[in-house]
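Accompanying notes for the structure given below.
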Amino acid sequence: MRFTRGGAGGRARAAGVWGRARRWAGGRAGRPRLIPRTRRGQRRTVQALMLVAVLALAPATWLHAVADSRVRTTADAPARDVVVVFGAGLWRGGPSPYLANRLDTAAELYRAGKAKVVLVTGDNSRTEYDEPDAMRAYLVERGVPDRRIVSDYAGFDTWDSCVRAKKIFGVDRAVLVSQGFHIRRAIGLCRAAGVDAYGVGVDARRDATWYYGGVREILAAGKAALDAATEPDPHFLGRQETGVAEALAEASER
């Protein structure tokens, strides 16, 4: 079969279609018009972009509002019976550098008399991965008595750790320890869970992990706001445990 070009009528129709496509695309084929031509359309586009930006940043703004005044250093952190350390991953079976920094700070708070019990909360969802036991061993090596350490093996995320600290371990007041980019979310969520919480933001070297954590927090703030508003049950709640109460009673006897 043989194809031939159309005559003048066909060329005119093709030119009309091509012209409409160019007008729809903003004058250049293949480039859709992103900015409306009219001022009214441009104004609405700017307003829509501003609304999206406000909605995206609102959760982070909420966290700063509820937590900024409660971020302290090890020197000016208030004395509380319990210090809570959140898991931050393992490396070669031991705490990652970021988690080690958190544990060093918790040990410092304990030695300074700012806390009587350390609650370590992390992930033990599989047998080969045990954050709480690795955290406990690290603290014991740094002088925190084993009997003053309580392990939460189902702290799968920050909200779970906060809810379980309140409902399972009976923690009403605590000092939280985490990196600076995470501590406000931890404070906000623990307060939403019913824990009167202050936090110590641990200094960290500004490497790729630090920058990743900072960017991740902007996204995680949205989930934090949703968790605080809806108060979902943690992945695993379970029965109440007396570890914190027993450790505090033992500390009071001395």
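Side-chain atoms of Ser96 never come within 3.5 Å of backbone atoms of Trp91 as a donor-acceptor pair (strictly under, hydrogens ignored). Checked by atom type and distance alone, the side chain of Lys114 pairs as donor or acceptor with a backbone atom of Ala77 at under 3.5 Å. Between the side chain of Thr242 and the main chain of Ala245, no donor-acceptor pair closer than 3.5 Å is present. With hydrogens and angles disregarded, a donor-acceptor distance shorter than 3.5 Å links the side chain of Gln179 to the backbone of Tyr98. Although no hydrogens or angles enter the test, the distance criterion places a donor-acceptor pair under 3.5 Å between the side chain of Trp159 and the main chain of Pro232. One N or O on the side chain of Arg70 and one on the backbone of Ala197 form a donor-acceptor pair closer than 3.5 Å.
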Next on the checklist: Would Val83 and Leu119 count as a side chain to side chain contact (heavy atoms under 4.5 Å, CB included) here? Give the steps.
Outcome noted: CA-CA 6 Å; Val83 57; Leu119 175 62; over 6 Å; no
Checklist entry - Hey, mind stepping through Glu231 and Val163 against side chain to side chain contact (heavy atoms under 4.5 Å, CB included) and telling me if it holds? => result CA-CA 9 Å; Glu231 299 185 358; Val163 173; over 6 Å; no
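Here the closest heavy-atom approach between residue Ser151 and residue Asp133 is recorded as OG-OD1, 4.5 Å. Ser161 approaches Gly155 most closely through the heavy-atom pair OG-CA, 3.4 Å. The two atoms that bring Val150 and Ala247 nearest to each other are CG2-CB, 4.4 Å, heavy atoms only. Nearest approach of Ala115 to Tyr110, heavy atoms of both residues: O-CD1, 3.4 Å. Looking at every heavy atom in both residues, Phe86 comes nearest to Cys190 through CZ-SG, 4.2 Å. Between Ala134 and Gly93 the shortest heavy-atom distance is CB-O, 3.9 Å.
Transitive grouping of hydrophobic side chains (ILVMFWY, heavy atoms separated by less than 4.5 Å) keeps Leu248 and Leu109 in distinct clusters. Hydrophobic clustering of Ile, Leu, Val, Met, Phe, Trp and Tyr side chains at less than 4.5 Å, counting indirect connections, keeps Ile187 apart from Phe181. Cluster membership check: Val175 shares its hydrophobic cluster with Val202, using side-chain heavy-atom separations under 4.5 Å among Ile, Leu, Val, Met, Phe, Trp and Tyr. Put simply, Val71 and Val177 are part of two different groups of oily side chains (I, L, V, M, F, W, Y) that touch within less than 4.5 Å, one to the next.
At least one side-chain heavy atom of Arg148 sits less than 4.5 Å from a side-chain heavy atom of Glu250. Residues Val120 and Ile149 are in side-chain contact: their nearest non-hydrogen atoms beyond the backbone lie under 4.5 Å apart. Side-chain contact check for Val200 versus Ile183: every heavy-atom pair is 4.5 Å or farther apart. At least one side-chain heavy atom of Asp227 sits under 4.5 Å from a side-chain heavy atom of Leu189. Using a 4.5 Å cut-off on side-chain heavy atoms (C-beta onward), Glu241 and Asp152 make no contact.
The other members of the hydrophobic cluster of Phe156, by chain and number, are Phe236 (side-chain heavy atoms under 4.5 Å, ILVMFWY only).
A salt bridge links Arg142 with Asp104: at least one charged nitrogen is closer than 4.0 Å to a carboxylate oxygen. Residues Arg147 and Glu246 are not paired through a salt bridge, judged by the lack of any N-O separation under 4.0 Å between the basic side chain and the carboxylate. Asp130 and Arg136 are not joined by a salt bridge, as no carboxylate oxygen comes within less than 4.0 angstrom of a charged side-chain nitrogen.
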Table please: side-chain donor-acceptor pairs of residues 167-174 below 3.5 Å, with sequence neighbours left out.
{"residue": "Asp172", "atom": "OD1", "partner": "Lys166", "partner atom": "NZ", "Å": "2.7"}

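Sorted by first and then second residue, the ring-ring contact (aromatic ring centres under 6.0 Å, His included) pairs involving residues 129-152 (not counting sequence neighbours) form an empty list.
Asp123 and Tyr153 form no side-chain donor-acceptor contact under 3.5 Å, judged by distance and modelled atom types alone. No side-chain N or O of Thr121 forms a donor-acceptor pair with one of Arg164 less than 3.5 Å apart. Counted by atom type alone, His182 and Thr158 present one or more donor-acceptor pairs between their side chains at under 3.5 Å.
Expressed to the nearest 0.5 Å, how far OG of Ser178 lies from CZ of Arg185 amounts to 8.0 Å. To the nearest 0.5 Å, the span separating CD on Glu108 from OG1 on Thr73 amounts to 9.0 Å.
Relative to the six-membered ring of Tyr198, Arg72 misses at least one condition, a distance below 6.0 Å or an angle of at most 45° to the axis.
Each of Val84, Val85, Leu103, Val244 was evaluated against Val118; a single residue qualifies, Val85, per the side-chain contact (heavy atoms from CB on, under 4.5 Å) test.
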